[in-house]
Amino acid sequence: MKKSDTNSNLYKIRHSLAHVLAQAVLEIRPDAKLGFGPPIDSGFYYDFDLTEPLSPEDLPKLEKRMRHIIKTGQVFEHEELEQTQMVQLLNKDNQSYKIEQAEDLAANNETLSLYRNGPFWDLCEGPHVETTRDIPKNCFALDTLAGAYWKGSEKNNMMQRVYGLAFETGDELKIYQEKRRLAMERDHRKLNTKHHYFSISEEVGKGLPLWLPNGTVIRDELEKLAKETEFLGGYKRVSTPHITREELFQTSGHLPYYEDSMFPPMEMDGERLFLKPMNCPHHHMIYKAEPRSYRDLPLRLAEYGTCYRYEQSGELAGLLRVRSMTMNDAHIYCTTEQAKAEFIKVMNLHTQYYKLFGLSDFWMRLSLAEENAGKFVDEPELWQKAEKLVTEAMDEVEIPYEAVRGEAAFYGPKIDFQVTNVVGREETASTNQLDLVMAKRFGLTYIASDNEEHTPIIIHRAPLGTHERFVAFLIEHYGGAFPTWLAPVQVRVIPVASAFNEYANSLNESLFGSFVRTEIDDSHDSFGKKIRSAAISKTPNLLIVGENEQADQTVTWQRYGTKERQTLDFGAFRNLLQEEILQRRDWRTVAQD
RNA sequence: GCUGGCAUAGCUCAACUGGUAGAGCAGCUGAUUUGUAAUCAGCAGGUUGUAGGUUCAAGUCCUAUUGCCAGCUCCA
């Protein structure tokens, strides 16, 4: 929850519940050491260091104890203490983490305060409800157990975190739980079991998805979209190898700054080769392959490039986090004067794509470097210049964003498009980066009109991100019901009885011959069953044909998810469909406009 | 990678405190020929993730291992 909400009733309820939870845990695990226990967007959590871990079966027990504590109406009392007194008190309870926290707070000259309720007390700045009776009866539920590092650093101890859901009323809690349940239904991994987009097999390796025919259709359609758009945007297409000699990644700085995320090298003939984690070094080499003049700029090199990154095993998740990925990558080499305009063009391209998919639930993050983090190329002046350029461009297009330190690429600031997946986890869907560092490292130059050598500015951009993540998002965004142009199967022809199979088949073949992805349901199932199967398949267009249609050479057209249908001439249907596909229209969002 | 949990047929799930695996859907075969969400009947499908161990007996208990899930850390 935001700091600004601290005085809201909801904040107090959640914060107080965290204390009640800690009290309940201490009842069953008296030696528990307390960590942090803040309110969060959906409720609260509390971290504990336990000698004997809690198991999911403990949650109902804890919940029962919490309800009991609430009923006794414990009063929350506030008290401020000097550091020595506070540490003494904490020491008596053997709360070593809290002592560390108290010392940190004191070092920052913050007031040390505690809250007591009943037998429990906690180092805490509040605020809380007056008494535990102010916590509505059924407004909370313990949710899950998880691990969490003390102070969020993997160098520290792993503690056990208990998550709880909490709202102002029981009804709000129920609504939240139902919403979450519905969201789970859209999980791309869940929809995948039904619609077969991809497969991750143990034999091939984790994080290395196999794209099945249905998923490949979506990939190919996205690629087609990107190629057409980039062609019109003046990009040139290139293609580069998946493995590369060590030296290139030394030059690029990937080995010093990014090696943790790279697969270990292959050794051959006395040299070391790496799988590429990004496409940029290769594009830079293409830039370098011939002398460049200012007349060549902006030079826009585009590639759907496949990269490999050694993500930690616990981070892999379906298609959202993988180890082999194909990026909608391009690098724009331009002069300083051109940079802002090029950056703006790229931002507009993002907007254009997001509008096409009807994606509106995202926020933009300006990811900046952090000093002395060791993760960023050490060129303070260039960073400053790049940040200024990006900020100005963003202000000019008037797109709101939030700046976050420490999230930049190692070679420059980024504008990331942040989206949340169905489970509520935030991910970067697209990215745009301004890079003043690489051109220098690679010795990229162009001859300007002054007949002198200059260094170009580079813009890295991936508005469609990677196929893996973007397709995962689209599956969840559309809930598996894709618009016609993206749908693995665009049309299903359904004869009402086998007597019309022949007519249905002629339509099917005719559409197929026009490059429409079509199939026919000539099974022996009842008509009702065929309609049901078609609905479950989420095929966007159904063509129903029977005696009437056959006699008139017409089709009855029904959209997925609707009851309305229209009967029209087959040729007319085909024209409408082809136009819709060509224009990549989603009739559902078009209707809303 | 770390903490916790889970693993039974293609999918969703069953099998009491250990007694030798069962259903629905999907699939296949046959009958049915149907105008908007499940026609009927039959058949087939599993060394219970893998490897050890305890036991007269293991899906069930123990150990290891692999994979998956949630979270932390990390990121397109």
Side-chain angles (χ1 to χ4, degrees), chain A residues 45 47-50 53-58 143-163 184 187 189-190 192-194 196 200-203 205-206 258 260-261 277-279 307 309-323 325-329 367 375 407 409 414 416-419 423-431 433 460 462-470 472-473 494-501 523-536 542 544-549 556 558 562-565 567:
Chain A
Y45 69 75
D47 290 341
F48 306 96
D49 188 1
L50 303 163
L54 294 168
S55 80
E57 295 92 73
D58 293 318
D143 194 25
T144 53
L145 289 171
Y149 295 108
W150 167 239
K151 287 184 178 173
S153 167
E154 58 187 331
K155 293 186 190 98
N156 293 336
N157 263 355
M158 175 66 71
M159 307 182 81
Q160 202 173 20
R161 178 172 294 178
V162 182
Y163 278 98
M184 303 285 202
D187 189 313
R189 291 165 299 191
K190 185 154 189 181
N192 188 49
T193 61
K194 205 87 201 155
H196 313 292
I200 298 180
S201 81
E202 213 173 312
E203 290 90 332
K206 43 186 178 182
Y258 204 76
D260 285 353
S261 300
M278 296 184 193
N279 304 301
C307 299
R309 297 183 186 173
Y310 192 82
E311 301 290 344
Q312 296 184 65
S313 60
E315 287 153 8
L316 303 172
L319 283 183
L320 277 175
R321 287 296 289 280
V322 292
R323 285 176 171 169
M325 69 211 81
T326 301
M327 301 174 65
N328 169 227
D329 215 352
S367 302
K375 299 193 290 183
E407 297 290 332
K414 307 191 282 182
D416 294 321
F417 283 61
Q418 299 298 110
V419 282
V423 193
R425 187 162 43 207
E426 184 180 319
E427 303 271 9
T428 302
S430 325
T431 183
Q433 305 160 2
H460 306 236
L464 298 177
T466 62
H467 276 324
E468 287 70 18
R469 187 171 289 176
F470 212 83
F473 269 116
I494 302 178
V496 301
S498 57
F500 314 106
N501 279 2
S523 66
H524 293 177
D525 290 336
S526 66
F527 180 65
K529 181 63 180 292
K530 288 182 185 181
I531 291 294
R532 182 181 150 81
S533 313
I536 288 169
L542 306 187
I544 291 112
V545 295
E547 198 173 345
N548 305 334
E549 288 81 0
T556 292
Q558 185 172 348
T562 70
K563 295 275 177 216
E564 298 93 64
R565 37 191 177 267
T567 301

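Every chain is numbered from 1, with letters handed out A, B, ... down the list of sequences.
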Which is true for [X] with a 4.0 Å heavy-atom rule: it touches a base, it touches only sugar-phosphate, or it touches nothing?
X      : value
A/Y163 : sugar-phosphate
A/K151 : nothing
A/A317 : nothing
A/R161 : sugar-phosphate
A/M327 : nothing

Atom [atom1], compared across [N] and [M]: separation rounded to whole Å:
N     : M     : atom1 : answer
B/G45 : B/A9  : P     : 15 Å
B/A76 : B/U3  : C1'   : 26 Å
B/U50 : B/A58 : P     : 15 Å
B/U48 : B/G59 : P     : 7 Å
B/U8  : B/A31 : P     : 37 Å
B/A51 : B/U60 : P     : 13 Å
B/G18 : B/C75 : P     : 48 Å
B/G19 : B/U55 : C1'   : 12 Å

Could a donor-acceptor pair under 3.5 angstrom be found where the side chain of [X] meets the base of [N]?
X      : N     : result
A/T428 : B/A76 : no
A/R309 : B/C74 : no
A/Y149 : B/G71 : no

Nearest-angstrom distance from the residue atom [atom1] of [X] to [atom2] of [N]:
X      : N     : atom1 : atom2 : answer
A/K530 : B/U32 : NZ    : C1'   : 12 Å
A/Y45  : B/A70 : OH    : C1'   : 15 Å
A/R321 : B/A76 : CZ    : C1'   : 8 Å
A/E154 : B/C74 : CD    : P     : 7 Å
A/E426 : B/A76 : CD    : P     : 12 Å
A/E311 : B/G1  : CD    : C1'   : 12 Å
A/L320 : B/C74 : CG    : P     : 18 Å
A/F48  : B/G71 : CZ    : C1'   : 15 Å

Pairwise side-chain contact, [X] with [Y], heavy-atom cut-off 4.5 Å (strictly under):
X      : Y      : value
A/I494 : A/F527 : yes
A/F473 : A/L320 : yes
A/F470 : A/N328 : no
A/V162 : A/L145 : yes

Exercise. If you measure from CZ on A/R161 to OG1 on A/T144, what distance do you get to the nearest 0.5 Å?
Worked result: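 Rounded to the nearest 0.5 Å, the CZ-OG1 separation comes to 10.0 Å.
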Exercise. For RNA chain B, what are the stems built from at least three Watson-Crick or G-U pairs in a row, each pair having both distances below 3.5 Å?
Worked result: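 The stems that RNA chain B takes part in, listed by first number, are B:1-7 with B:66-72, B:10-13 with B:22-25, B:27-31 with B:39-43, B:49-53 with B:61-65.
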For this session: Between A/A497 and A/S153, name the one whose nearest nucleotide on RNA chain B is closer to the 5' end.
Result: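 The residue whose closest nucleotide sits nearer the 5' end is A/A497.
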Exercise. Nearest nucleotide by nearest heavy atom, which residue falls closer to the 5' end of RNA chain B, A/F417 or A/A499?
Worked result: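 Nearest-nucleotide comparison on RNA chain B picks A/A499.
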Counting N and O atoms only, with roles assigned by atom type, does the side chain of [X] sit under 3.5 Å from a partner on the main chain of [Y], one being a donor and the other an acceptor?
X      : Y      : value
A/E468 : A/R321 : no
A/T466 : A/R469 : yes
A/R309 : A/S261 : no
A/D58  : A/S55  : yes
A/K530 : A/V496 : no

For this session: Classify the side-chain pair A/S367/A/D416 by whether it contains a donor and acceptor separated by less than 3.5 Å.
Result: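 Note: A/S367 and A/D416 side chains meet the donor-acceptor criterion.
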Protein-nucleic acid N or O pairs under 3.5 Å, nucleotides 63-68 of chain B:
{"from": "B/U66", "atom 1": "O2'", "to": "A/E202", "atom 2": "OE2", "distance (Å)": "2.4"}
{"from": "B/G67", "atom 1": "OP1", "to": "A/K206", "atom 2": "NZ", "distance (Å)": "3.4"}
{"from": "B/G67", "atom 1": "OP2", "to": "A/K206", "atom 2": "NZ", "distance (Å)": "3.3"}

Look for any protein N or O under 3.5 Å of an N or O in nucleotides 6-15 of chain B and output each such pair with its distance, or none.
none

Exercise. Which residues pass the side chain to side chain contact (heavy atoms under 4.5 Å, CB included) test with A/T556, sequence neighbours left out?
Worked result: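 Partners of A/T556 under the side chain to side chain contact (heavy atoms under 4.5 Å, CB included) test: A/I544, A/E549, A/R565, A/T567.
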Exercise. Excluding sequence neighbours, so at least two apart, what forms side chain to side chain contact (heavy atoms under 4.5 Å, CB included) with A/L316?
Worked result: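 In terms of side chain to side chain contact (heavy atoms under 4.5 Å, CB included), with neighbours along the sequence ignored, A/L316 is linked to A/K206, A/E311, A/R323.
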Exercise. What closest approach, in Å, do A/R189 and A/A317 show between heavy atoms, and which atom pair accounts for it?
Worked result: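 Between these two residues, the closest heavy atoms are NH1-CB, 4.2 Å.
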Exercise. Shortest non-hydrogen contact from A/K190 to A/T193?
Worked result: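 Nearest pair, atom of A/K190 first, then A/T193: O-OG1, 2.7 Å.
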Exercise. Is there a side-chain polar atom (N or O) of A/K414 under 4.0 Å from OP1 or OP2 of B/C75?
Worked result: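 For B/C75, neither OP1 nor OP2 has a side-chain N or O of A/K414 closer than 4.0 Å.
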Problem set entry | Atom CD of A/E547: over 12 foreign heavy atoms under 6.0 Å |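 Count not over threshold, so no.
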For this session: Do nucleotides 35-48 of chain B as a string where each nucleotide becomes B, S or -: B if the base has a protein heavy atom under 4.0 Å, S if just the sugar-phosphate does, - if no protein is that close.
Result: BBBBB---------
